[in-house]
K.L.:
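Would you mind keeping the following structure in view while I ask a few things?
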Amino acid sequence: MTALHLDPTRSFQGLILTLHDYWARQGCAILQPYDMEVGAGTFHPATTLRALGPKRWNAAYVQPSRRPKDGRYGENPNRLQHYYQYQVILKPNPTNLQELYLGSLEAIGIDPLLHDIRFVEDDWESPTLGAWGLGWECWCDGMEVSQFTYFQQVCGIECAPVAGELTYGLERIAMYVQNVDNVYDLNFNGGEGDDKVTYGDVFLQAEQEYSRYNFEIADTDVLRRHFEDAETACAAILTAGEPEGEGGLHACVLPAYDQCIKASHVFNLLDARGVISVTDRQSYILRVRNLARQCGEAFLKTEAGGAGKVAA
Amino acid sequence: MPDLLLELRSEEIPARMQRKAAGDLRKMVTDALVDAGLTYEGAAEHWTPRRLTLDIRGLTSRSADVREERKGPRTDAPEKAIAGFLRGAGLDSIEQAEVKSDPKKGDFYIAVIEKPGRAAEEIIAEAMPGIIRSFPWPKSMRWGPASGPKGSTYNGIEGQGGETMRWVRPLQSVLCTFGPETEDPVVVDFEVDAIRSGNMTVGHRFHAGGEITVRRFDDYVGKLEKANVVLSAERRKDIILHDAKDLAFANGLELVEDEALLEEVSGLVEWPVVLLGEFEEEFLEIPDEVIRLTIKTNQKCFVTRQRISSPLDGEGGSHGEPGEGGSLSNKFILVSNIEAKDGGKEIARGNGKVVRARLADALYFWRTDQQDLPDLDDLKASADELGLDLSKPLDQRMARLDHLIVTFHAKLGTQGERVRRIAALAEELAPIVGADPAKARRAALLAKADLQTEVVQEFPEVQGAMGKTYALLQGEDESVATAIEDHYRPQGPSDAVPTDPVAIAAALADKLDTLTGFWAIDEKPTGSKDPYALRRAALGVIRIVAENGVRLGLLPKIRFYMSFHLMRDKDIENKLRNWHELFDINEMPEEEWLQSYRRVLGPHAKEMEERFPLELVSKSADLLSFFHDRLKVYLRDQGARHDLIDAVLASGGEASLSPRAGEMPGRAERGEDRNGEPLSVGSADISPARGENQQQNDDLLLIIRRVQALGNFLDTEEGQNLLAGTKRATNILAKEEQQGLSFDQPVDPALFEQDEERALFEALEAQEKAAAEAIEAEDYGKALAALSKLRGPVDAFFDAVMVNAEIASVRANRLALLHRIRNAIGQVADFSKISG
């Protein structure tokens, strides 16, 4: 028996640790979350940028994800403005990626002869990242537990080779395997009685406070300024790092990409504040996508982007 | 004869694409085989989420030898020509060609090209890679190491760059065997992007392990079945439907059938197992349709309802459409892909959990929609302008739709502007269709309000129906509520048309606003492209008018509504609206109408003068002729003869409307007047005759009645004879007119030489008048009956009278008499368009 605090069906952390263990065995580098506010695990440069270029890349990590609009002041048992995604990226995708994914479900206690696992069409697209891919929603007994995508394009650039991306909705899966109906009731640490720490103990107050901030307090004028600043900074950083000669390497992509992430999050906050009209919205999305595209193009001129070399 | 078995095994193919893909595969493969000279007895395709399978029986094992003779130049032709012939025929030297003698052409070369037949395996192996690579998926993708750039290598696989294969999802394996029943089939060997064909496949993803070796279709199907794969989609559907009905029945319920959902679900499983799930009864407060959609759209499950029929009715009692029968139950039916170890308890529990969460959202939406919006103060301006009552939830939603400036179409303004127009139009149409104008306005004002409800934002397909439900909840008049739902109707050829007068007014206003709007901005349907469903809208107008017997002169309406779109300026719009109250444009001739327009628009008249004759008049005419085209389609579907429709549409045209000198002097003058007007920039194109013609043919109901009357008339002997006589007259006239002559002068009785001329003239005088009166009374049967009395005099005339008299004046007078016949008949239909 696994100890309770490591059991994926008894503790939230056990779920994460089991996935880490599983994907580490498949040769993935286990990374840590990116230290910025992002809307999804895909925004982590370990996915967005590393999906580009010819180099092999296998990584897995947890990414806290912020969706300001989804805040419900801690009152909805299924919706959070801050939640965790488990992200796996494999480039090029191994031909048995579906089997690897199913193996990970078994590892966290989902038996495919007891639960109905299905791959249901889902064409993934991120307008802000200029990214799209084909794949599925993965269903377990009718519940979407993961997204499975073969990246075709990121930052407006064709992926060559194609990377496979797996995104697990950790809270959802945990609620399912722990059999609880309210996310705040999840057992976080596997403890019992006084030792038990729930998801609510960790995050309920944060959900309430951030909902207030996202919907009521955030200063929209300041946010609009932040957006402009991030946009300007991104371009300036990219210009400063431009290769000196023909075939030279770009010297400053990652800091520029941080500004792109920042702009994207500020846009999400503005959206939650309800100050973005329909036409505004389109233009904000295009502006972020433009930053992403420039960062992606610059990344291809770096060593990690495969510049100057053919694939490993 | 040998059989071919082909299986393309893929990662999960989207359910909606499977059926067509399997059909495409059959067509592409059989076409390729036939093109290569093979024949086959039968071909059948099958599919599951993970495979496309093709079963070809009785395929010839070789293509036949082909001997082809290619004719070359004469033996004495220049060297260049001979060299070209050799190249084209693939010969090395002229000695390989034969010489043929022709008595007329002399000696020339013949190349005999013999193509030996080829083995079927060779042909298949050659054709398959191309077929797989060029497969017509709606969306396709690259994957794996082969998608790497050229020159790269991953795990021993080379990157193919842009040449890598594209497929709907990664292709996993290809199975291809070929051979006669009596022998072991062979593997047809080929390779497509590192996948080599073989005789192996796999069974169910979870129930069966390892690979299966296959010989031919029969053992393939059996082995798959053993490995928990039902190959036939139809069988999977049968299993699901049958088991679902049984399961519902065993629980005292009946299945609400849904063919589209059944088709989709059958494409999501290889081994269907039907289970029963449950949700709390409190969710049944949500309207049935919303529950059904929630469960269907998000969870791909079927709903059930209480059984009304007694259990003794047996299976016959379990059929029916959604909406009939008992109320919805809190049990739903799900289809899983495994036979679970616990009999499906966990699966049912899990699905119940998800359905519950979804219904909790739906319930929240449903309740929210009945409550006040939080920001009512912001909505006051919109509410005041539109005349909405902010104490009512649906009014609030309409006010918000206006307040949020939601775009309907970039060139046609916002939803709020659109609703303003439709409300004005519905109010204006109300008296014509017998509706209360205030109710028509109210219905139109609320018709789009449900677009702002949470339920409709989640499920757009319940728009209209939800509006009606919420309207009734806030105490709207029954007709108004019905109109909110029915103003979208008819949605297709089989959908019912609105019948309540208020709904008719709202539905016509909505459709005419849409049609005139898109015509104004030149977004007309072309070929198969009709993104705004304008054909459906026009057919909707036709059906509403026809099925409810609505008399409506379309052209003035079209012009009036189109002017709103052309002059997208609030100030002008208001003027137009006020102006409209002063006139009944239905009764107003075109030119007078344009003058009034100028008067009312005052300072805007200049712009109007520049644009209206060109844009308004021509676009309106174009839209009317689109209505005519749609009407033809509609009538043809109703069984009417195409030529009769043409005959009716062509009537009232130039022939009958050219003023008969001495009889209608006013017309000719008016025509000149018009040409002298400053406003007539574009009206030179629009002859008075054409304008009148359209005004006469813009009442769709009248056209339909005339076509019916004409059809009945032509079924009689009188009708057939009159048709023959009239055609004779028309043909003679047409010959003369081709030479540029005209015979529309008055007939002069003094020039008659024979009794038959006189008799015909008298009959014409009497019957033309009688027909005109009948037409005035819109009794087309009576008009035709009157005209049919011309048959005797016409026949007698042609029997006894030579039109081609020697004296020119007598001849011209006779032709004028024929002209008059054509005119008289032309009041009802242009007989020259009728065949037979």
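Throughout, protein chains are lettered first and strands after them, A, B, ... in sequence-line order, and every chain is numbered starting at 1.
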K.L.:
Which of the residues B:Gly162, B:Ala360, B:Gly350 is involved in the greatest number of heavy-atom pairs with chain A at under 4.5 angstrom?
P.N.:
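Ranked by heavy-atom pairs under 4.5 Å with chain A, first place is B:Gly350.
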
K.L.:
Taking A:Lys91, A:Met143, A:Arg79, A:His115 one by one, which has the highest count of heavy-atom pairs under 4.5 Å against chain B?
P.N.:
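Of the options given, most contacts go to A:His115.
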
K.L.:
For the CG atom of A:Asn179 and the NZ atom of B:Lys353, what is their distance to the nearest 0.5 Å?
P.N.:
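Answer for the CG-NZ pair, A:Asn179 versus B:Lys353, is 5.0 Å.
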
K.L.:
Is B:Lys139 in contact with chain A via its backbone, its side chain, both, or neither, using a 4.5 Å heavy-atom distance?
P.N.:
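Both parts, heavy atoms under 4.5 Å.
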
K.L.:
Let me confirm one number: the CH2-CG distance from B:Trp167 to A:Leu134, rounded to the nearest 0.5 Å.
P.N.:
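Reported value, rounded in 0.5 Å steps: 14.0 Å.
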
K.L.:
Are any non-hydrogen side-chain atoms of B:His207 and A:Leu113 less than 4.5 angstrom apart?
P.N.:
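The answer is yes, as the side chains (C-beta and beyond) meet within the 4.5 Å cut-off.
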
K.L.:
Taking A:Gln152 for the side chain and B:Arg142 for the main chain, is one N or O donor matched with an acceptor at less than 3.5 Å?
P.N.:
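Indeed, once roles are kept as given, a pair shorter than 3.5 Å links the two residues.
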
K.L.:
State the CD1-CG distance between A:Ile117 and B:Asn337, to the nearest 0.5 angstrom.
P.N.:
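One gets 10.5 Å once the value is rounded to the nearest 0.5 Å.
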
K.L.:
Hey, is the main chain of A:Asp141 close enough, under 3.5 Å, to the side chain of B:Asn351 for a donor-acceptor pair?
P.N.:
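Looks like yes, one N/O pair under 3.5 Å.
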
K.L.:
Treating B:Arg169 as the side-chain partner and A:Glu121 as the backbone partner, does any N or O pair qualify as donor plus acceptor under 3.5 Å?
P.N.:
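No: the side chain of B:Arg169 does not pair with the backbone of A:Glu121.
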
K.L.:
A:Arg118 vs B:Glu12, test: side-chain contact (heavy atoms from CB on, under 4.5 Å). Steps then yes/no.
P.N.:
CA-CA 9 Å; A:Arg118 226 79 77 65; B:Glu12 274 75 355; over 6 Å; no

K.L.:
Is it true that B:Lys341 and A:Asp111 have a side-chain N and a carboxylate O under 4.0 angstrom from each other?
P.N.:
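The answer is yes: the pair qualifies as a salt bridge.
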
K.L.:
Report the option among B:Ser147, B:Gly267, B:Ala348, B:Pro145 that has the most heavy-atom pairs separated by less than 4.5 Å from atoms of chain A.
P.N.:
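Most pairs with chain A among the choices: B:Ser147.
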
K.L.:
Less than 4.5 Å to any heavy atom of chain A: does that hold for the side chain of B:Arg205, its backbone, both, or neither?
P.N.:
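Contact with chain A: side chain only.
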
K.L.:
Any luck finding a side-chain donor-acceptor pair between B:Asn155 and A:Arg56 under 3.5 Å?
P.N.:
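A:Arg56 and B:Asn155 do have a side-chain donor-acceptor pair below 3.5 Å.
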
K.L.:
Does any backbone or side-chain atom of A:Glu144 lie under 4.5 Å from a heavy atom of chain B? Answer side chain, backbone, both or neither.
P.N.:
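When you check distances to chain B, no heavy atom of A:Glu144 falls under 4.5 Å.
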
K.L.:
What's the spacing between B:Ile347 CD1 and A:Leu114 CG if we round to 0.5 Å?
P.N.:
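One finds 7.0 Å between CD1 of B:Ile347 and CG of A:Leu114.
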
K.L.:
Compare every heavy atom of B:Tyr154 with every heavy atom of A:Pro54, then report the nearest pair and how far apart it is.
P.N.:
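Taking every non-hydrogen atom into account, O-OH, 2.5 Å.
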
K.L.:
Closer than 3.5 angstrom, by distance alone: can the side chain of B:Gln299 be matched with the main-chain N or O of A:Gly142 as a donor-acceptor pair?
P.N.:
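Checking the backbone N and O of A:Gly142 against the side chain of B:Gln299, a donor-acceptor pair under 3.5 Å is found.
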
K.L.:
In terms of heavy-atom pairs under 4.5 Å, which option from B:Ile338, B:Asp361, B:Val354 contacts chain A the most?
P.N.:
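Among B:Ile338, B:Asp361, B:Val354, the one with the most close pairs to chain A is B:Ile338.
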
K.L.:
Quick one: does B:Arg349's side chain get under 4.5 Å of A:Tyr176's, heavy atoms only?
P.N.:
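In short, these two side chains touch, coming nearer than 4.5 Å.
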
K.L.:
Hey, are the side chains of B:Pro14 and A:Phe119 touching, using non-hydrogen atoms and a 4.5 Å cut-off?
P.N.:
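SC-SC contact between B:Pro14 and A:Phe119 ruled out.
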
K.L.:
For A:Leu102, is it the side chain, the backbone, both, or neither that has a heavy atom closer than 4.5 Å to a heavy atom of chain B?
P.N.:
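Contact with chain B: side chain only.
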
K.L.:
Quick check for you: to the nearest 0.5 Å, what is the distance between A:Asn78 atom CG and B:Arg356 atom CZ?
P.N.:
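Spacing of CG (A:Asn78) from CZ (B:Arg356) equals 11.5 Å.
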
K.L.:
Please classify the contact of B:Ser140 with chain A as side chain, backbone, both or neither, using a heavy-atom distance under 4.5 Å.
P.N.:
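Interface part for B:Ser140: backbone (N, CA, C, O).
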
K.L.:
Between the side chain of A:Asn93 and the main-chain N/O of B:Gly144, is any donor-acceptor distance below 3.5 Å?
P.N.:
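Present.
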
K.L.:
Is it true that atom CD of B:Glu158 has more than 12 heavy atoms of other residues, nucleotides or ligands lying nearer than 6.0 Å?
P.N.:
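Result for CD/B:Glu158: open.
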
K.L.:
Please check if the side chain of B:Trp143 supplies one atom and the backbone of A:Tyr150 the other of a donor-acceptor pair under 3.5 Å.
P.N.:
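Checking the backbone N and O of A:Tyr150 against the side chain of B:Trp143, no donor-acceptor pair under 3.5 Å is found.
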
K.L.:
Side chain, backbone, both or neither: which part of B:Val168 has a heavy atom under 4.5 Å from chain A?
P.N.:
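Backbone only.
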
K.L.:
Could you check whether atom CZ of B:Arg196 has more than 12 heavy atoms from other residues, nucleotides or ligands sitting under 6.0 Å from it?
P.N.:
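For B:Arg196, atom CZ is not crowded (no more than 12 foreign heavy atoms under 6.0 Å).
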
K.L.:
What part of B:Gln160 lies closer than 4.5 angstrom to a heavy atom of chain A: side chain, backbone, both or neither?
P.N.:
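Looking at B:Gln160, nothing touches chain A.
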
